Amino acid sequence: MAAIDWEDAFCGEGASCYRIGVDGDGNSYIALSGQEDTYLTDTREALRQMIRDIKAGKADHLLAE
């Protein structure tokens, strides 16, 4: 397995911080900050699509109170 290059943490209000990383084999990773040994992984293209969908508002319903 290739080494994961983690980005700085993205933090919301409070302590909800996530990190996104990639490796040299074309994989992407998402983990809670400080718990990078337990992660969700998929392809870089899947990460790109998820980010595009979030920017397009397709996950806004998850934020409704």
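Note: hydrogens, waters and symmetry copies are ignored here, and every other heavy atom, side chains too, is used. Treat the numbers as computed from the prediction; the structure is a model and nothing was measured.
- Residues satisfying the side chain to side chain contact (heavy atoms under 4.5 Å, CB included) criterion with D53, sequence neighbours excluded, are Q49, K58.
- Looking only at distances, a side-chain donor or acceptor of T41 sits under 3.5 Å from a matching main-chain atom of S28.
- Every residue meeting the side chain to side chain contact (heavy atoms under 4.5 Å, CB included) condition with I20, not counting sequence neighbours, appears here in chain and number order: F10, I30, L47.
- To the nearest 0.5 Å, atoms OG1 (T43) and CG (N27) are separated by 7.5 Å.
- Residues A31 and Y39 share a closest heavy-atom pair of CB-CB, 4.0 Å.
- More than 12 heavy atoms of other shown residues, nucleotides or ligands fall within 6.0 angstrom of atom CG in D60.
- What you find for D23 and Y29 is that their closest heavy atoms are OD2-OH, 2.6 Å.
- Residues that satisfy the salt bridge (charged side-chain N to carboxylate O under 4.0 Å, His left out) test with R48, not counting sequence neighbours, are E45.
- The structure places CG of L63 at 9.0 Å from NE2 of H61, a figure rounded to the nearest 0.5 Å.
- Under the side chain to side chain donor-acceptor pair (under 3.5 Å) criterion, E36 pairs with R19, not counting sequence neighbours.
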